[in-house]
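Worth saying up front: this structure is predicted, and the values here are computed from it rather than measured. Scope of the values below: all heavy atoms of this structure, side chains included, with no hydrogens, waters or symmetry mates. The first residue of the sequence shown is numbered 1, and numbering continues consecutively from there.
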Amino acid sequence: MTDRQILLKTLLKQRHWQTYSTFCKEYDKAAKKVDPSLQGGYPSRAQLHRWLTGELKGLPYSDHCRVLEAMFPGQRADELFSANGATAPAPRAEPQPPAEPTPTPQLEDVTAVFSSRSAFSSAYPASEWFGQAKEICAAGLSLNVLCQSYPDHQLKRLLESGTRIRCLFLDPKGSAIRAREDEERYTDGTLTTLTALNITMLTRLRDRLTPEAAERLELRVYDETIRFNILLIDRATCVVQPYLPQARGVDSPTFVITDNTAAEGLFPVFDQVFNEMWERSRPA
């Protein structure tokens, strides 16, 4: 066995720049020094992932190389994309008592797991998640975490202060929500009524905002088999719940995922799921 790692990945971890949003900020700082026209030219999330996993053939474009060398003074681009670390065979393992399980590299960005949404909410109140957020993206069914667990006046404060909020509801007029009601054995349109009520609440809130703030609150609907409740905050933290057969969303296990571009993790998966669902949706 060997332990070889791209030097760029090691340096990002050392400087705590491994989240995609932090990497982009540091890239822009260096780009401004090299050539202001290069600001905003940072790689896509998928492209950065290829850089860090050694999938890149050769070196990136010269502009990327110039910026990276400015980010890490004293390191040439070819050195940043070289493999570093020990290459000696691993020592022979001696018999040991069973050890406590450790997270696999693929799950390095899962930072907390809860058996239900109520357990998660007790540990992480909505006020802690949203209080200083600059961007909130939510997709699911009725989005009660935003519409029922967080006061209107606080949402208004966030939007007026510059926060962008994107909400993706299961269409209360669609077939998918009726299928979900059948699965959860509701016979009185409970989910349809609640979802429509939450959309109306946010619509009324938007009507009370300044024109600039109103543009920052986007409401859309989709009509597809519901699979996940996804909450993305500042492109750095993701809260995910699967929808289980016959179980209410509040009873589903909840996973907290922190973006770590330098790790093989789940954050990019659910970030992509949200973005693709948003592209297929329509205005509420």
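The ring of Phe72 has its center closer than 6.0 angstrom to the ring center of Trp17. In summary, the aromatic rings of Phe114 and Tyr124 are positioned with their centroids under 6.0 Å apart. Here Phe270 and Phe228 bring their ring centres to under 6.0 angstrom of each other.
Applying the side-chain contact (heavy atoms from CB on, under 4.5 Å) test between Tyr27 and each of Gln39, His64, Lys32 identifies His64 as the sole match.
Cys65 and Pro60 get closest at one heavy-atom pair: SG-O, 3.5 Å. For the residue pair Thr203 and Leu219, the shortest heavy atom distance occurs at OG1-CD1, 3.6 Å. Across every non-hydrogen atom of Leu170 and Ala176, the tightest pair is CD1-CB, 4.0 Å. Closest heavy-atom contact between Leu168 and Leu143: N-CD1, 3.7 Å. Nearest approach of Pro172 to Thr195, heavy atoms of both residues: CD-CG2, 4.1 Å. Closest non-hydrogen pair, Val67 versus Val34, comes out as CA-CG2, 4.4 Å.
How far CZ of Arg280 is from CG of Asn275: 11.0 Å, rounded to the nearest 0.5 Å. Taken from CZ in Arg204 to CD1 in Ile199, the straight-line distance is 13.0 Å, to the nearest 0.5 Å. Separating the OH atom in Tyr186 from the CG atom in Leu194 is a distance of 9.0 Å, to the nearest 0.5 Å. Atom NZ of Lys33 and atom CE of Met71 lie 10.5 Å apart (nearest 0.5 Å). To the nearest 0.5 Å, the span separating CG on Leu11 from CD on Gln75 amounts to 5.5 Å. Atom CD1 of residue Ile6 and atom CH2 of residue Trp51 lie 12.5 Å apart, to the nearest 0.5 angstrom.
Checked by atom type and distance alone, the side chain of Glu69 never pairs as donor or acceptor with a backbone atom of Arg76 at under 3.5 Å. Between the Tyr222 side chain and the Gly140 main chain, a donor and an acceptor come within less than 3.5 Å of each other.
In this structure the side chain of Thr210 reaches within 4.5 angstrom of the side chain of Glu160, judged on heavy atoms. With contacts defined as side-chain heavy-atom distances shorter than 4.5 Å, the pair Leu146/Phe130 qualifies. In this structure, the side chains of Phe267 and Thr237 stay at 4.5 Å or more apart for every pair of heavy atoms. With a 4.5 Å cut-off on side-chain heavy atoms, Leu159 and Leu205 count as touching. Side-chain contact check for Pro43 versus Phe23: some heavy-atom pair is nearer than 4.5 Å. Side chains of Phe120 and Val256 form a contact here, defined as non-hydrogen atoms less than 4.5 Å apart. The closest side-chain heavy-atom distance from Tyr243 to Thr225 is not below 4.5 Å. Ser281 is not listed as a side-chain neighbour of Val221, based on a closest heavy-atom distance of 4.5 Å or more.
A salt bridge does not link Glu212 to Arg216: none of the charged nitrogens lies less than 4.0 Å from a carboxylate oxygen. Checked for salt-bridge contact, Arg282 and Asp171 meet the test: a charged N lies under 4.0 Å from a carboxylate O. A salt bridge does not link Asp259 to Arg235: none of the charged nitrogens lies less than 4.0 Å from a carboxylate oxygen. Salt-bridge formation is detected for the pair Glu218/Arg164: a Lys NZ or Arg NE/NH1/NH2 atom is positioned less than 4.0 Å from an Asp or Glu carboxylate oxygen.
Using modelled atom types, one finds a donor on one side chain and an acceptor on the other under 3.5 Å when comparing Arg157 with Gln154. No side-chain donor-acceptor contact under 3.5 Å links Glu135 and Thr163. Remark: the Thr190 side chain and the Glu181 side chain contain no N/O donor-acceptor pair separated by less than 3.5 Å.
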**OP:** Please test Asp35 against Arg66 for side-chain contact (heavy atoms from CB on, under 4.5 Å), starting from the C-alpha separation and ending with a verdict.
**Re:** CA-CA 9 Å; Asp35 182 348; Arg66 292 165 61 199; 4.1 Å; yes
**OP:** Determine, stepwise, if the pair Leu231 / Cys238 fulfils side-chain contact (heavy atoms from CB on, under 4.5 Å).
**Re:** CA-CA 6 Å; Leu231 179 65; Cys238 179; over 6 Å; no
Original post:
Yes or no on salt bridge (charged side-chain N to carboxylate O under 4.0 Å, His left out) for Arg117 and Asp251, after CA distance, side-chain angles and deciding distance?
Top reply: CA-CA 6 Å; Arg117 184 189 302 169; Asp251 296 324; over 6 Å; no
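A 6.0 Å sphere centred on CZ of Arg208 holds more than 12 heavy atoms belonging to other residues, nucleotides or ligands.
Linking ILVMFWY side-chain heavy atoms closer than 4.5 Å, directly or via other members, places Leu158 and Leu209 in a single hydrophobic cluster. Note on Val145: it does not cluster hydrophobically with Met277, by side-chain heavy-atom contacts below 4.5 Å among ILVMFWY residues. Hydrophobic clustering (ILVMFWY, side-chain heavy atoms < 4.5 Å, transitive): Leu244 and Val273 are in distinct clusters. Grouping the Ile, Leu, Val, Met, Phe, Trp and Tyr side chains by contacts below 4.5 angstrom, directly or via other members, places Leu80 with Leu52. Under the 4.5 Å side-chain contact rule for hydrophobic residues, Ile230 and Leu191 share a cluster.
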